[in-house]
Trainee: 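Questions regarding the structure given below will be posed in turn.
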Amino acid sequence: MRFYLYIFVFFYCISNFSCQNKTAENTNASGAVIDSAALKRKEAKIRKDIKADIKAALIEEVMQKKLAQGFNGNVLIAQKDVIVYQKAFGFANFKDTIRNVLQSKFQLASLSKTFTAVAVMKLTEQGKLGLDNTVKDYFPDFPYDGVTVRSLLCHRSGLPFYQYTFDKLVRGEQLYPTNQQMMQWFGKAQPTPPIFNLPDHFFSYNNTNFAILAALVEKVSGKSFDVYMRENIFLPAGMKDSYIATTKNDSININRTYGYQFGQRLPKDYYDDITGDKGVYSTVKDLLKYYIALKNNKLITKESFKEMVLPRSFEHPGLRNYGYGFRLWVNAKQQTDYIYHTGWWKGYNTIMFFDLREDFVIILLSNRYNRSVYNIKEIVDIMHGGKQSSVEENILDE
């Protein structure tokens, strides 16, 4: 009798435990539904407050004009973490008639410089790089004195352009140099390529600066640039569809786009394996994650980001300026109103433009050469609720 009593108690406990688990599961499920509903209500309120539907309709009109001007690519515009407008236009691969989708990956061209700068600031926070250290501190054979990490970040190094300096060698021997090879060439070149001006004397936009910064990231981290960026920038920001052009992984070809100009798909360029100045492939949705990570100090500290968007070039007074890896649109008091960067490389035209005050970001990525990408004044004004901004019709800096 006692045996059967034990059996009864055993099965009762099992049953009761199972019921408790189901109750807990239902409670969790119910909680998830409640959280989901709350999030939807919050988003609906934000959409109403920012007049998202009205803005979306107006942006659609702007995008239709861009389509008429030949735009081929993707666009995403968000405010307060709510997507106001997103759409994919045209083809990722014209030959195979593969259309662009929102997951399509575009070469960001010079927009990539912002990522390089963030990586440098992260390493600076960790004490692995010093902004006032010189390139020679890390590469003793580098032939130029006084070129600091800081001067590289804000294009004030005065260095020669690597593309022109080594072009005869690269194209003559059909080489695809890396950042480290570029550094070796600078160290061994005889005679030493002449500088344009002394460091920290003048702003001069130059891809050499950010190609060297990527080489510095590799040197001090002990990792290839693509691995460092994936582990320390892309994945922490949730950017699972972003990679560097030198990445060797079959998954990078999924939803990849190709660059076109004058109706032709452009082949790999001899300088495509030099990265840092270009070379990031990403999607509009990943760039939104990047924006959110930056403003929420998920990648670098608030202090570091504030330093990055501080204007540092005043030789030519005006609305355009440069910080560390970011272009800046400043006001009459030379204070930063907007933060952005454009890109232009081998058929790709890109822009990421944001306003931290009103918390909106504008992202346009094109894989067929088209300068209408940079005409964003109408969109900026729409995001300001129709208020006229100081932004000029064409934001492209050449």
Side-chain angles (χ1 to χ4, degrees), residues 46-47 49-52 55-56 58-59 62-63 73-87 106 108-118 121 233-234 237-239 242 280 282-302 304-311 319-331 335-343 349-366 373-385 387-397:
I46 293 173
R47 292 188 67 83
D49 290 344
I50 65 175
K51 297 180 173 59
K55 290 176 179 176
L58 294 171
I59 294 168
V62 175
M63 290 311 303
N74 291 2
V75 57
L76 187 150
I77 298 159
Q79 187 168 18
K80 300 186 186 299
D81 298 351
V82 171
I83 295 175
V84 173
Y85 181 94
Q86 62 177 338
K87 209 170 250 191
F106 294 77
L108 299 187
S110 285
L111 176 50
S112 305
K113 289 181 172 70
T114 69
F115 289 92
T116 307
V118 170
M121 296 304 288
I233 306 297
F234 299 150
M239 302 170 66
S242 299
V280 173
S282 192
T283 69
V284 288
K285 289 192 172 184
D286 265 11
L287 287 178
L288 174 58
K289 293 176 182 177
Y290 177 48
Y291 166 70
I292 293 171
L294 283 175
K295 71 171 184 170
N296 291 335
N297 314 122
K298 190 172 182 179
L299 297 175
I300 54 176
T301 65
K302 181 179 180 180
S304 290
F305 186 59
K306 185 176 180 180
E307 192 168 358
M308 291 184 73
V309 298
L310 186 69
L319 297 174
R320 300 167 189 261
N321 212 297
Y322 208 95
Y324 289 163
F326 280 102
R327 293 190 181 277
L328 309 174
W329 198 268
V330 300
N331 55 36
Q335 299 167 331
T336 301
D337 279 347
Y338 305 104
I339 304 161
Y340 70 103
H341 215 295
T342 55
N349 303 105
T350 64
I351 186 169
M352 179 180 179
F353 180 103
F354 54 94
D355 180 349
L356 292 173
R357 300 161 304 174
E358 297 197 28
D359 193 8
F360 69 75
V361 59
I362 299 168
I363 302 162
L364 283 90
L365 308 178
S366 170
V373 168
Y374 312 116
N375 299 336
I376 62 164
K377 178 176 173 56
E378 283 187 89
I379 299 176
V380 174
D381 292 346
I382 290 169
M383 296 308 293
H384 281 305
K387 180 181 177 182
Q388 292 292 307
S389 66
S390 64
V391 176
E392 295 174 356
E393 180 59 33
N394 191 314
I395 198 91
L396 180 63
D397 296 86

Trainee: Testing N296, I363, L356 one by one against Y291 for a side-chain contact (heavy atoms from CB on, under 4.5 Å), which residue passes?
Mentor: L356

Trainee: The test is side-chain contact (heavy atoms from CB on, under 4.5 Å); show your working for M121 and M308 and say whether it passes.
Mentor: CA-CA 8 Å; M121 296 304 288; M308 291 184 73; 3.7 Å; yes

Trainee: Taking only residues two or more places apart in sequence, or in another chain, which ones meet E392 in a salt bridge (Lys or Arg N to Asp or Glu O under 4.0 Å)?
Mentor: R320

Trainee: Please report the closest heavy-atom contact between G385 and K55, naming both atoms and the distance.
Mentor: N-CE, 4.4 Å

Trainee: Any idea which heavy atoms bring G238 and D286 closest together, and the distance?
Mentor: O-OD1, 4.0 Å

Trainee: Under the criterion side-chain hydrogen bond (donor to acceptor under 3.5 Å, both in side chains), which of T342, N349, T350 is the partner of Y374?
Mentor: N349

Trainee: Are side-chain N/O atoms of T114 and Y290 paired as donor and acceptor at under 3.5 Å?
Mentor: yes

Trainee: How close do A78 and L288 get, counting heavy atoms only, and between which atoms?
Mentor: CB-CD1, 3.7 Å

Trainee: In Å and rounded to the nearest 0.5 Å, what is the NE2 to CG distance from H341 to L111?
Mentor: 7.5 Å

Trainee: Classify the ring geometry of Y340 against F353: parallel below 30°, tilted from 30° to 60°, perpendicular beyond 60°.
Mentor: tilted

Trainee: Measure across H384 and S389 and return the closest heavy-atom pair with its distance rounded to 0.1 Å.
Mentor: CD2-CB, 4.1 Å

Trainee: So how far is it from K289 NZ to D81 CG, rounded to the nearest 0.5 Å?
Mentor: 13.0 Å

Trainee: What distance separates F360 CZ from I382 CD1, expressed to the nearest 0.5 Å?
Mentor: 10.5 Å

Trainee: Is there a donor-acceptor pair closer than 3.5 Å between any side-chain N or O of N321 and the backbone N or O of P311?
Mentor: no

Trainee: For a 4.5 angstrom cut-off between non-hydrogen side-chain atoms, does V380 reach M383?
Mentor: no

Trainee: Can you list the steps and then say if T336 with F326 is a side-chain contact (heavy atoms from CB on, under 4.5 Å)?
Mentor: CA-CA 11 Å; T336 301; F326 280 102; over 6 Å; no

Trainee: Working to the nearest 0.5 angstrom, can you tell me the gap between D359 CG and I292 CD1?
Mentor: 8.5 Å

Trainee: Of all the heavy-atom pairs spanning V84 and Q79, show the shortest one and how long it is.
Mentor: CG2-N, 4.0 Å

Trainee: Would you mind reporting whether V284 and L365 have side-chain heavy atoms less than 4.5 Å apart?
Mentor: yes

Trainee: Can you tell me if K377 has over 12 outside heavy atoms packed within less than 6.0 Å of its NZ?
Mentor: yes

Trainee: Go through the steps to decide whether L108 and M352 satisfy the test side-chain contact (heavy atoms from CB on, under 4.5 Å), and finish with yes or no.
Mentor: CA-CA 10 Å; L108 299 187; M352 179 180 179; over 6 Å; no

Trainee: Between Y85 and I379, is there a side-chain heavy-atom distance shorter than 4.5 Å?
Mentor: no

Trainee: Got a donor-acceptor contact below 3.5 angstrom from the S112 side chain to the V280 backbone?
Mentor: yes

Trainee: Looking at CD1 of I351 and CD1 of I376, how far apart are the two atoms once the value is rounded to the nearest 0.5 Å?
Mentor: 4.0 Å

Trainee: Does the side chain of L76 come within less than 4.5 Å of L287's, by heavy atoms?
Mentor: no

Trainee: Using 0.5 Å steps for rounding, measure from the CG atom of D49 to the NZ atom of K80.
Mentor: 8.5 Å

Trainee: Does the cation-pi check pass for R327 over Y338, that is, NZ or CZ under 6.0 Å from the six-membered ring centre and within 45° of its axis?
Mentor: no

